[in-house]
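In the text below, chain A, chain B and the rest are named by the order of the sequence lines, each starting its count at 1.
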Protein chains: 2
Amino acid sequence: MNKGQVTITDIARELGISPSTVSKALHGHPDISVSTKVAVRDLAEKWNYKPDQIALSLQSGLSKIIGVIVPEIVHYFFSTVISGIEDLAHDSGYHVMFCQSNESYEREVKSVNTLLSCRVDGILVSLSKGTHEFDHFNKIRRNGIPLVFFDRICCEIETDRVVVDDEAGACEAVKHLINSGCRNIVHLSGPQYLQIGKNRKEGYLRAHDELNLPVDNNNIIRCDTPEETRLVVPELLKRANRPDGFFAVNDLTAAAAMSVIKESGLRVPEDILLVGFTSGMISDITSPTLSSVEQHGYQMGREAVRLLIDRLEKNRESPYQTVVIKTELVVKESSVCCNNKY
Amino acid sequence: MNKGQVTITDIARELGISPSTVSKALHGHPDISVSTKVAVRDLAEKWNYKPDQIALSLQSGLSKIIGVIVPEIVHYFFSTVISGIEDLAHDSGYHVMFCQSNESYEREVKSVNTLLSCRVDGILVSLSKGTHEFDHFNKIRRNGIPLVFFDRICCEIETDRVVVDDEAGACEAVKHLINSGCRNIVHLSGPQYLQIGKNRKEGYLRAHDELNLPVDNNNIIRCDTPEETRLVVPELLKRANRPDGFFAVNDLTAAAAMSVIKESGLRVPEDILLVGFTSGMISDITSPTLSSVEQHGYQMGREAVRLLIDRLEKNRESPYQTVVIKTELVVKESSVCCNNKY
DNA sequence: ACAATCATTTCAAACGTTTGCGGAACTATT
DNA sequence: AATAGTTCCGCAAACGTTTGAAATGATTGT
């Protein structure tokens, strides 16, 4: 009508009744006569009345907003997680407000404060690499706001969590390499101060252990970027006992390794088998396509939201849960070789 | 303290003064005595008082929230744009609430309603593929809320816009191929009902035109996914006059084309040169690395926010602007060949 | 001494909504 | 005709904040 959105008071004025009557009519309160209800609803419909979320929030103390903090959106994995968060949140009547920490502790703390002052109902966090101090999370708890960690969790804080089954995925991947005939598998590993780096290495070790094969510690190489790969892998290929398989901590590294291997005149998968981690676009565009461990980011996002909303709307005091998302080995061309030696 | 956040009233009660005095003291209002100011500020500091954004919003009618609607976050390009939006918005004291349309008209309309009921101060939109009806955008305007389109703009609605200089980028890329010796360049093109598909084809045509070379219409092929590429490109390579260059509408397609070419025994860049579009991670992990046109998504995001905040905080009635982000050809290995024939 | 001036503080309204309680106007019961 | 019971509606407070206007108390001027 005039300017901005229609309010309950506009409708009341037009109908010559009080705002409270309009509110009750809209909510089907039994006190209100049928004729008034009809009149109010018709006019609300006609004027396209939508309740003001902000006023509702102030009134109820609930914002219906979920805050999300991720290290970076530009990562394929995180954008799939966000996608899952967004979808389930919207379907449940919540809005999503998100912040990037850009892997920096200071920005993470700032993001927490931002979300807190917005009075979000709950917060979802994946830790930044730079965070080794956790008091800002205690502050969230002190404010009585539920917190759920996903992927990069914080062990120091007791709360709901969603993690991916890294170790099992890594183990499955390495067993697959072993069963395909590899006996000299290099693990291009991530930093060991991050849980994911540690877990994936554990999986590599456990696979060897369970299949009763020895592990050569020289085969565990700290290398998780394409740049490092171009430096490190050529050396590995020159070894007397050349590696016959690579298990990389992420797909970018795996793809770079593939390039290096092919440039050196060796073939994938005929000479060397290769498996990556975090199956995404990348694994489809390499040649041959790259076997990889799928992390189901979308599902992880939904699960985190579900955990949060459960706590918000059901019993706030129920015991904390940790949901484990199963990984899945997606076998493509880079690890399938017919001339199995065993 | 007790529960939840500290309010201005808590401070007032503690100090035995009225809430309005606290508010004024916090704002440095000249009416308030220095001693009171000091007392209030000290206690606010001690109790870590943060003003309630929701109450402020209700009061001022301003939410300090920017709504964003994108087709999908999982695209590298869009996630870089979002990253830029988020960074500048936060630095300017705004929060970001975002929605995905998932390329669906219905979800786009729903997202608009969501953002409107949240009373966002302004909205940033990149059109979904499924949107051919624009009345929901007029509704935003009728509510007096500024609107900025970015990347996938809507020509039917007069408003601020940020676009990328697709055509110039495509033209530069193709000229680069021509100048590197190509005389038979295939364009793997996108759908022509999307502006980007059209613009990039125009760039291809203009490059030929400006360098006085004829265009063979058989060289313009509708193909913009890896799957299509694997079907289409092998045929092209069998032609009598085999293409000596490819310009693809996106990097995924370009990368897939590279695989197909190499599998057929031809070499990149020795036999065939290759340029893609939307320089991202992908262009670094192919072998050889892929020349591509950088779209500066991060900068586009910042620019869109700047436009919106300018309108919000400066003159709301100033004439609409269209900002063009320059593209940039990033030459890597796939298009650099020493045995230039000319 | 009385008013005018000043510094400091509080009041009250406003933003849009919800909701318990009280009230008016009926109807029904005695 | 008085009481009790219905039915329908409005009042007012509350959420946390801002802000112009009004109030308070003290000081100054004549």
Side-chain angles (χ1 to χ4, degrees), chain A residues 1-41 43-44 47-65 116-121 143-144, chain B residues 1-41 43-44 47-65 116-121 143-144:
Chain A
M1 220 60 341
N2 29 11
K3 81 274 169 177
Q5 300 276 83
V6 180
T7 75
I8 230 170
T9 324
D10 295 331
I11 295 179
R13 199 178 310 118
E14 174 77 8
L15 261 31
I17 58 181
S18 80
S20 42
T21 306
V22 175
S23 170
K24 284 172 185 165
L26 255 14
H27 285 80
H29 194 292
D31 268 5
I32 305 301
S33 70
V34 177
S35 60
T36 308
K37 276 181 187 161
V38 171
V40 168
R41 283 177 178 163
L43 188 60
W47 281 3
N48 191 30
Y49 166 78
K50 288 276 179 332
D52 184 331
Q53 292 297 326
I54 291 178
L56 285 179
S57 298
L58 183 61
Q59 232 275 134
S60 64
L62 262 31
S63 63
K64 286 280 175 179
I65 297 180
L116 246 29
S117 85
C118 284
R119 294 283 195 275
V120 295
D121 289 346
N143 275 302
Chain B
M1 226 58 340
N2 28 11
K3 81 274 169 174
Q5 300 277 84
V6 180
T7 75
I8 231 171
T9 323
D10 294 332
I11 296 179
R13 198 179 308 117
E14 175 77 8
L15 260 32
I17 57 181
S18 80
S20 40
T21 306
V22 176
S23 170
K24 284 174 184 165
L26 255 13
H27 286 79
H29 195 292
D31 270 5
I32 305 301
S33 71
V34 178
S35 61
T36 309
K37 278 181 187 163
V38 171
V40 168
R41 283 176 178 164
L43 188 58
W47 281 2
N48 191 30
Y49 166 77
K50 288 277 179 329
D52 184 331
Q53 291 297 327
I54 291 179
L56 285 180
S57 297
L58 184 60
Q59 232 271 136
S60 64
L62 262 32
S63 62
K64 286 277 175 182
I65 298 180
L116 246 28
S117 85
C118 284
R119 293 282 195 278
V120 295
D121 290 346
N143 275 303

ask   = Does any N or O donor sit under 3.5 Å from an N or O acceptor when you compare the side chain of Ser20(B) with the base of dC11(C)?
value = yes
query = Where the side chain of Thr7(B) is defined as all heavy atoms beyond and including C-beta, which of dG16(D), dC9(D), dT18(D) is the nearest nucleotide?
reply = dG16(D)
Point-to-point distance, once rounded to the nearest 0.5 Å, from [atom1] of [X] to [atom2] of [Y]:
{"X": "Gln59(A)", "Y": "Gln53(A)", "atom1": "CD", "atom2": "CD", "result": "12.5 Å"}
{"X": "Thr36(B)", "Y": "Asp31(B)", "atom1": "OG1", "atom2": "CG", "result": "11.5 Å"}
{"X": "Thr21(B)", "Y": "Leu15(B)", "atom1": "OG1", "atom2": "CG", "result": "10.0 Å"}
{"X": "Asp121(B)", "Y": "Leu62(B)", "atom1": "CG", "atom2": "CG", "result": "4.5 Å"}

Round to the nearest Å and state the distance from [X] atom [atom1] to [N] atom [atom2].
{"X": "Lys50(A)", "N": "dT17(C)", "atom1": "NZ", "atom2": "C1'", "value": "17 Å"}
{"X": "Ile8(A)", "N": "dT18(C)", "atom1": "CD1", "atom2": "C1'", "value": "8 Å"}
{"X": "Leu15(A)", "N": "dG10(D)", "atom1": "CG", "atom2": "P", "value": "10 Å"}

Tell me if a side-chain donor or acceptor on [X] pairs with a main-chain N or O of [Y] at a distance below 3.5 Å.
{"X": "Ser60(B)", "Y": "Leu56(B)", "result": "yes"}
{"X": "His27(A)", "Y": "Ser23(A)", "result": "yes"}
{"X": "Lys37(B)", "Y": "His29(B)", "result": "yes"}

key: Val40(A) vs Ile17(A) side-chain heavy atoms within contact, under 4.5 Å   = yes
ask   = Between Thr36(A) and dC8(D), does any side-chain N or O lie under 4.0 Å from OP1 or OP2?
value = no
key: Contact under 4.0 Å: Thr21(B) side-chain N or O vs dT10(C) OP1/OP2   = yes
key: SB check Arg119(B) Asp52(A) (cutoff 4.0 Å)   =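 Asp52(A) and Arg119(B): salt-bridged.
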request  = Taking only heavy atoms on the protein side, list every residue of residues 22-33 of chain B lying under 4.0 Å from any atom of DNA chain D, sorted numerically.
outcome  = Ser23(B), Lys24(B), His27(B)
note = Taking for Val34(B) and for Tyr49(A) the nucleotide of DNA chain C with the nearest heavy atom, the one nearer the 5' end belongs to Val34(B)
message = Can you list, in residue-number order, the parts of residues 51-65 of chain B that come under 4.0 Å of DNA chain C, counting heavy atoms only?
response = Leu58(B), Gln59(B)
